[in-house]
There are 2 protein chains.
Amino acid sequence: MTKKASGLVAVARLAGVSTATVSNVLNRPELVAPATRERVVAALDELDYVRSGAAVALRTGTSRLVGLVVPDITNPFYAAIAEGVTAAADDAGYSVALCVNHDDPARERRQFELLAQQRAAGALVVPLSAGSSRLSTLRRVGTHLVLVDRIAERDEGCSVAIDDVLGGRLAVRHLLALRGPRIALVNGPRTIEQCANRRAGARKELRRSGVDPDTMTELTVEEMTIDAGRRAGNALAAAGGVDGVFCTNDQLATGVIRGLADAGVRVPDDAAVVGYGDLALATDGPLPLTTVSQPKLLMGRTAVETLVREIGDQVDGGREHQHSATLFQPSLVVRDSAPAT
Amino acid sequence: MTKKASGLVAVARLAGVSTATVSNVLNRPELVAPATRERVVAALDELDYVRSGAAVALRTGTSRLVGLVVPDITNPFYAAIAEGVTAAADDAGYSVALCVNHDDPARERRQFELLAQQRAAGALVVPLSAGSSRLSTLRRVGTHLVLVDRIAERDEGCSVAIDDVLGGRLAVRHLLALRGPRIALVNGPRTIEQCANRRAGARKELRRSGVDPDTMTELTVEEMTIDAGRRAGNALAAAGGVDGVFCTNDQLATGVIRGLADAGVRVPDDAAVVGYGDLALATDGPLPLTTVSQPKLLMGRTAVETLVREIGDQVDGGREHQHSATLFQPSLVVRDSAPAT
DNA sequence: TTGTATGCGTTATCAC
DNA sequence: GTGATAACGCATACAA
């Protein structure tokens, strides 16, 4: 079929030059005379030359591979991040090693170990639960880290996140304007940072509007699923006294709407519901859902760019690298035109 | 923080043995005496040894990396496959390089090039459009291929797919039993193999039941989206004379239900609709959706296992490898209890 | 059972 | 501008 030869040496021989020259036309073409360069290029594709990433990695100590560590790739939120990451990585000439850990430390350890072995140039990690100690395996081999959807603490590294406090404020501001102060919050475990922040934003906005945050009805669910939301909706309907519900993700919001409907409370007529995330569910679900939209693709893209910049910094001067923490703003997407009272 | 030494030599020195011995305890522990083995192991983690995948790859000519090539990771179908793939790869000790190509040949070429450079052990590709010529870059460097969700032709390699013809039959059988022979098909472009097969199954089942397949109303849409489905639903309602609709994916089905509703045709009361894929949309959408369910995770898992087996075959005897084509069966999930007649 | 020696394909440091 | 040549870290054939 195709030629079987491979390696710089074969190319060098065919072009009548040394391997060093071939290497140069590959990496720093400007250093080699146009004439020879042409001969080499000819030989290169005459032989169907394919660089050995392994050899390069061995020699240079780093590969063009970045790890993407997510809890669950079937979750559309993480899938969207992955989309942005792969796109940006493509542009930068990196491969993306997808590591799905299901929040399982054992799995995660093995994956980190593999990344370390491959001498990955870096890793983008989207942590579910916190715990920065887990990252040590990677650091050990000098892999650079970028935290995604979580603000890095001092010296933890770079991070790219979304301002969840602001998101919470936007949601509650909308509900306040639309329906007044009788607001409920349906939230996940507060040990999840995002949940804590969205709640903080909600309370902050209430306070700003002269409403005592403690008057807000709060329901906490273990799993942020549609089913859990439905139960919460049932409970809210039973208790009554609520005109607006802020749910900290779209699944919960979808469930809450159903749970309210079970009890005859109709959305948006009888109550307003706001979700969080702007997943496909918000448009494709039973009802167009008003929700806080996050720039997921952009976050993924930026994570890669941040990592690439960090790697560059390291290489080029040995100069001190300044960790950066990028924070994007969410925005409110109003989808149901709820008739105000 | 941690020791800075690295490399087999350092470990060997510390343990007072040769590098060959260290290499052996790493790769074939049974060959080395328990006593020395222990010493080596001690040295190994005393030094926080991390193997250089690059060196191994260079030496052995292959790396523990497999490529996963999908058109779009935000599509839940591909995400589910990715889930299965990463799980199985984890178990087998492989990393997964995620390549999202958006059906863009240029992108795909670059990604293949990267995989080839990394000397990936193999690649799992989920092709959107056909065209086996595109795979040549990978073959050139001896990378093994497994086609996913598409049956490989002779000598194309191994494949793992789902029997779409059967899926089409199941869907139509259900509709026939429930509503009789006035059936419509809402399908994507027939150039997509899956679409062609699902249609073929539908027609086959009609024929078996003594219904002329050509009496089936057929609507073809360019993009298999909810919006396109909605328009199809509008059209069907306008034309009338249809009791059951088979849509070749869940998005279309969701849209069709809406489109019918726009015109006052209620599902499941006035008409039955069957989707395909069993995505989250089928349970989380406006209406529980009867749909053809595909074993997506299993397909992903099996793809990895197939690849690993193929690699093993190659290595162990140079024995001829028999390409395999695995075909899984879909099943019908009935979700709406549609009152007959 | 263990040690010695060689080479995998590159890059980079020197001479020329 | 270009060519020798020495690593990079490991696996393996062979010798001991």
Side-chain angles (χ1 to χ4, degrees), chain A residues 3-41 43-44 47-65 116-120 140-142 315-316, chain B residues 3-41 43-44 47-64 114 116-121 141-142 315-316:
Chain A
K3 299 292 196 297
K4 73 159 292 186
S6 81
L8 237 36
V9 279
V11 177
R13 196 162 33 218
L14 179 59
V17 298
S18 78
T19 63
T21 301
V22 179
S23 178
N24 276 336
V25 353
L26 251 30
N27 300 314
R28 296 189 296 284
E30 68 278 8
L31 287 192
V32 37
T36 42
R37 191 193 312 163
E38 251 175 76
R39 280 211 325 281
V40 172
V41 168
L44 240 26
L47 291 182
D48 265 341
Y49 173 74
V50 179
R51 231 185 168 102
S52 162
V56 176
L58 177 56
R59 186 57 231 245
T60 65
T62 187
S63 69
R64 291 185 82 74
L65 181 74
Q117 290 189 10
Q118 320 248 20
R119 300 297 186 270
R140 222 172 59 206
V141 291
V315 168
D316 96 68
Chain B
K3 300 290 196 297
K4 72 160 292 187
S6 80
L8 237 37
V9 279
V11 177
R13 196 161 34 216
L14 179 58
V17 297
S18 79
T19 63
T21 302
V22 179
S23 178
N24 277 334
V25 352
L26 251 30
N27 300 314
R28 296 190 297 285
E30 68 279 8
L31 288 192
V32 38
T36 43
R37 191 194 312 163
E38 252 177 73
R39 281 212 324 283
V40 171
V41 169
L44 240 25
L47 291 181
D48 265 342
Y49 174 73
V50 179
R51 229 182 166 102
S52 162
V56 175
L58 179 55
R59 183 60 228 247
T60 64
T62 185
S63 70
R64 291 186 83 74
L114 269 182
Q117 291 189 9
Q118 321 247 20
R119 301 296 187 269
V141 290
V315 168
D316 96 70

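Just so it is clear, the values below take in all heavy atoms, side chains as well, and ignore hydrogens, waters and symmetry mates. Since this is a predicted model, take the numbers as computed values, not measurements.
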side-chain N/O B:Ser52 vs D:dC10 OP1/OP2, d < 4.0 Å: no
Sorted by number, the residues of residues 24-39 of chain B with heavy-atom contact under 4.0 Å to DNA chain D: B:Asn27, B:Arg28
Touch class at under 4.0 angstrom, heavy-atom based, for A:Val17 against every strand present: sugar-phosphate
Sub-4.5 Å side-chain heavy-atom contact between A:Val40 and A:Val32: no
Residue mapping more 5' on DNA chain C - nearest nucleotide basis, B:Ser18 or B:Thr60: B:Ser18
Nucleotide D:dT12, atom P - distance to CG of B:Leu8 in whole Å: 12 Å
Sugar-phosphate only, base, or nothing, as touched by B:Ser23 at under 4.0 Å among non-hydrogen atoms: base
CZ on A:Arg37 to CD on A:Glu30, rounded to 0.5 Å: 8.0 Å
Separation of atom CZ in B:Arg13 from atom P in C:dT2, rounded to whole Å: 20 Å
Touch class at under 4.0 angstrom, heavy-atom based, for A:Gly53 against every strand present: nothing
Nearest-nucleotide pick for A:Ala55, side chain only, options being D:dA11, D:dG9, C:dT10: C:dT10
Check: A:Thr19 side chain, A:Val9 main-chain N or O, donor-acceptor pair, under 3.5 Å: no
N/O (side chain, B:Arg59) to phosphate O (OP1/OP2, C:dG9) under 4.0 Å: no
Point-to-point distance, once rounded to the nearest 0.5 Å, from CZ of A:Arg51 to CG of A:Asn27: 4.5 Å
CZ on B:Arg59 to CG on A:Leu58, rounded to 0.5 Å: 12.5 Å
Check: A:Val25 and A:Thr36 side chains under 4.5 Å, non-hydrogen atoms: no
d(CG, B:Leu58; P, D:dC10) in whole Å: 12 Å
Straight-line distance of A:Ser23 OG to A:Leu31 CG, nearest 0.5 Å: 10.5 Å
Nucleotide nearest A:Ala20 when distance is taken to its side chain, options C:dA12, D:dT12, D:dT2: C:dA12
Selection from D:dT5, C:dA5, C:dT2 that lies nearest to any side-chain heavy atom of A:Thr19: D:dT5
